[in-house]
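One structure is given here, and the rest of the page talks about it.
Owing to the predicted nature of the structure, the values given are computational and were not obtained by experimental measurement. Numbers here simply count residues along the sequence, with the first being 1.
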Amino acid sequence: MKRILSAFVLLAGMSVTAAWAQSSQTPLSFKSTECNADGTVTFRYLDRQAKDVQVDVQFAGRKAMTRDGRGLWSVTLGPAAPDMYPYCFVVDGVSIMDPQCNQYFPNEGFKNSLLEIPSRQGALAHDIRNVPHGALHYISYYSKSLGATNHAVVYLPPSYGKDTKKRFPVFYLISGTTDTEEVYYKVGRMNYILDNLLAEGKAKEMIIVLPYGNPYKLLPTVPGAAGVPQTRFGGDVFSKDLNDDLMPYIEQHYRTINDRDHRAIGGFSRGGNQGLMNGLSHLDKFSYLCSYSSFTSTDIPGVYDNAADTNSKLHLFWLGVGTDDFLFGTARDYMEFLDKKGIRTVKEFTTDKFGHTWMNAKYFLSRTMPLLFNPEASEAAMRGGQPAPAATGQEQQFTPAVMARLFPRPIVSPDYQQGGIIFRMKAPEAKEVLLVAEPYSQPLRMVKDGEGVWTASVSAGPGGQWQTFTYYFQVDGTAVADPNNMYLSPCKGFKPSVACHPDAAYSFVRMGDIAHGTVSYDLNKGEARYVPASGSTNTVITLVPGKDDTVESWFKVGGADAMADKLIADKRMKPCTIVVGKGSGKNVLRADDYTTWAERQKALEELLLSK
């Protein structure tokens, strides 16, 4: 790649590793989070240069930290109830993830780490217990509605692989605004919640499908349209993709029971809106509806004004919201609307889970899973449904102004242009922002505009060849992942962002309508596995992660699955199975034998083509 010198100036004599110099002068061993016996949590962050550091955690809000003589900032907060809480550090006004924490919140925008306060009295619904665990598949499928490849996560119950004739009901579960398809897994812990319920005999076995709720993000950027898709529901691209592409894919590739009595749909926040809209608009397909901290349109033809018919088609219509949620007023109004129309529902309210949070999303999920695909239990719950609480006039309403405050117009970064990539970072108070990118031995200076947005551009090198690479911003000496890029390198410690131009050889965007394999992760074994669309094979390629990588890295950064899909589709190689983990002997590729992901991808391509 070559530099566009009009956009930035090369900083001579400065290596990439200089970004870490400020925090590596003297090694200091410490825990960034420590859960104390009294229920409090101590947060620590090392930065000898920063003037102000705060921690922003969901159970306490944003709190100042105190620095000691070693440059170690700390604060103790709480006590807090056992649960999982998003948090980040705010260093001189810039939010960053905890560089010591491996767990993070997948999101299109904000970058938060995850704090897990273990339960002491009674296990939490989402705890990882010693019970049989289901499998998780990451799938890619060509969406005719999008004209592009889309992605989803699929949970299979523990017995799925044992009884190969048994078929299962399906629950389509959608995350909220700005969330990715991973959030109900990595933050919502839907798999562990169901694993635990199944082990206790409290739920029916089911397949759970996690769609990506904002497929607009996969489409080319339309000037002036940034942020608009977040407010569109119903007859939109998401709904078309769900009904015309994802559901047919699931029913073709998995052993599903394909009738309305064995399909459920629901979600959190925007996902709840999307779930209700699609469920109520397709009562021929769904009979179990779940809304977690949400509501939907009061104008769905043939549904609200035909209560008897609607009630006869619904086994479960479940609505939950926190009384301290900013959506409580609008959600309550929707519940009251349904009551007046004679539509039966189950309603539940919380007061102790910090409002519009994933603590609520997990709790609501644990409450509804025992009712899904269980007509007797769901009917008993529906008979016990209570009317909506009376309005007090003090409830906050969800208005366009609230939407604009919560979800401001996004900054597009990386912005993939024909022949180039533009990187942007908003930091109005920063004195210097650098782009530290894997292809370069030296950081690149970014330029600030009048609104405090720093910009740098790069273009493809000789031959116009784009390759996947990692990068981050260095804001006044602090390393920061791109806050507007949903793709993070899932490595240990600090997690840089990942750039993959649509014109890269193995970008999913340019693949077209081809068959895709599946990727599954077994975190207990520390192993990941790619199986081609044609099924398991005798030819196995082993990829060993680098010392700072996880088992996800070869797929989420290295694109091993995308490369195999494309080479198989082009008949340049025979199908093979790819295993990421420990390995030795032939057909083994070690990440640490190469310096960059571009070099790793080239070596992988050569290995696959040799087979």
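- Residue pairs meeting the salt bridge (charged side-chain N to carboxylate O under 4.0 Å, His left out) criterion with at least one partner in residues 382-401, sequence neighbours excluded, are Glu379-Arg383.
- Within the 6.0 Å centre-distance limit, the rings of Tyr138 and Tyr521 are counted as a close aromatic pair.
- Less than 6.0 angstrom separates the ring centroid of Phe337 from the ring centroid of Tyr304.
- Using modelled atom types and a 3.5 Å distance limit, the side chains of Thr42 and Asn36 yield a donor-acceptor pair.
- Between the side chains of Asp513 and Tyr141, no donor-acceptor pair of N or O atoms lies under 3.5 Å.
- Between Trp318 and Tyr292, the ring planes lie perpendicular to each other; the angle is over 60°, past the 30° to 60° tilted range.
- Within the 6.0 Å centre-distance limit, the rings of Phe508 and His151 are counted as a close aromatic pair.
- Atom-to-atom distance recorded for Met382:CE and His315:NE2 is 10.0 Å, nearest 0.5 angstrom.
- Between Gly176 and Trp358 the shortest heavy-atom distance is N-CZ2, 4.4 Å.
- Ser119 and Pro82 make their closest contact through CA-CB, 3.6 Å (heavy atoms, listed as atom of the first residue, atom of the second, distance).
- When only modelled atom types and interatomic distance are considered, Ser239 and Asp236 share a side-chain donor-acceptor pair under 3.5 Å.
- Taking Phe398 as the reference, nothing meets the ring-ring contact (aromatic ring centres under 6.0 Å, His included) condition, with sequence neighbours excluded.
- Of the charged side-chain nitrogens involved, at least one lies within less than 4.0 Å of a carboxylate oxygen, so that Lys556 and Glu182 count as a salt-bridged pair.
- Remark: Lys353 qualifies as a cation-pi partner of Tyr363 under the 6.0 Å distance and 45° angle criteria applied to the six-membered ring.
- Ion pair Arg167/Glu251 not flagged as a salt bridge, since none of the NZ, NE, NH1 or NH2 atoms sits closer than 4.0 Å to an Asp/Glu carboxylate oxygen.
- Annotation for Glu108 and Asn214: closest pair OE2-ND2, 3.1 Å, computed over non-hydrogen atoms.
- Annotation for Arg367: atom CZ does not count as buried by contact number, only 12 or fewer foreign heavy atoms lying within 6.0 Å.
- In this structure, Phe268 has its ring center closer than 6.0 angstrom to the ring center of His356.
- Asp244 and Ser145 make their closest contact through CB-OG, 4.2 Å (heavy atoms, listed as atom of the first residue, atom of the second, distance).
- Separation of the Phe59 and Phe354 ring centroids does not fall under the 6.0 Å cut-off.
- A side chain to side chain donor-acceptor pair (under 3.5 Å) check over residues 198-207, counting only residues at least two apart or in different chains, returns the pairs Arg129-Glu200, Ser159-Glu205, Lys166-Glu205, Glu200-Lys202.
- In summary, the side chains of Asp245 and Ser143 do present a donor paired with an acceptor at a separation below 3.5 Å, with no hydrogens or angles considered.
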Next on the checklist: As a quick check of understanding, evaluate side-chain hydrogen bond (donor to acceptor under 3.5 Å, both in side chains) for Ser113 and Asp98, giving each step before the final call.
Outcome noted: CA-CA 6 Å; Ser113 301; Asp98 182 349; 5.3 Å; no
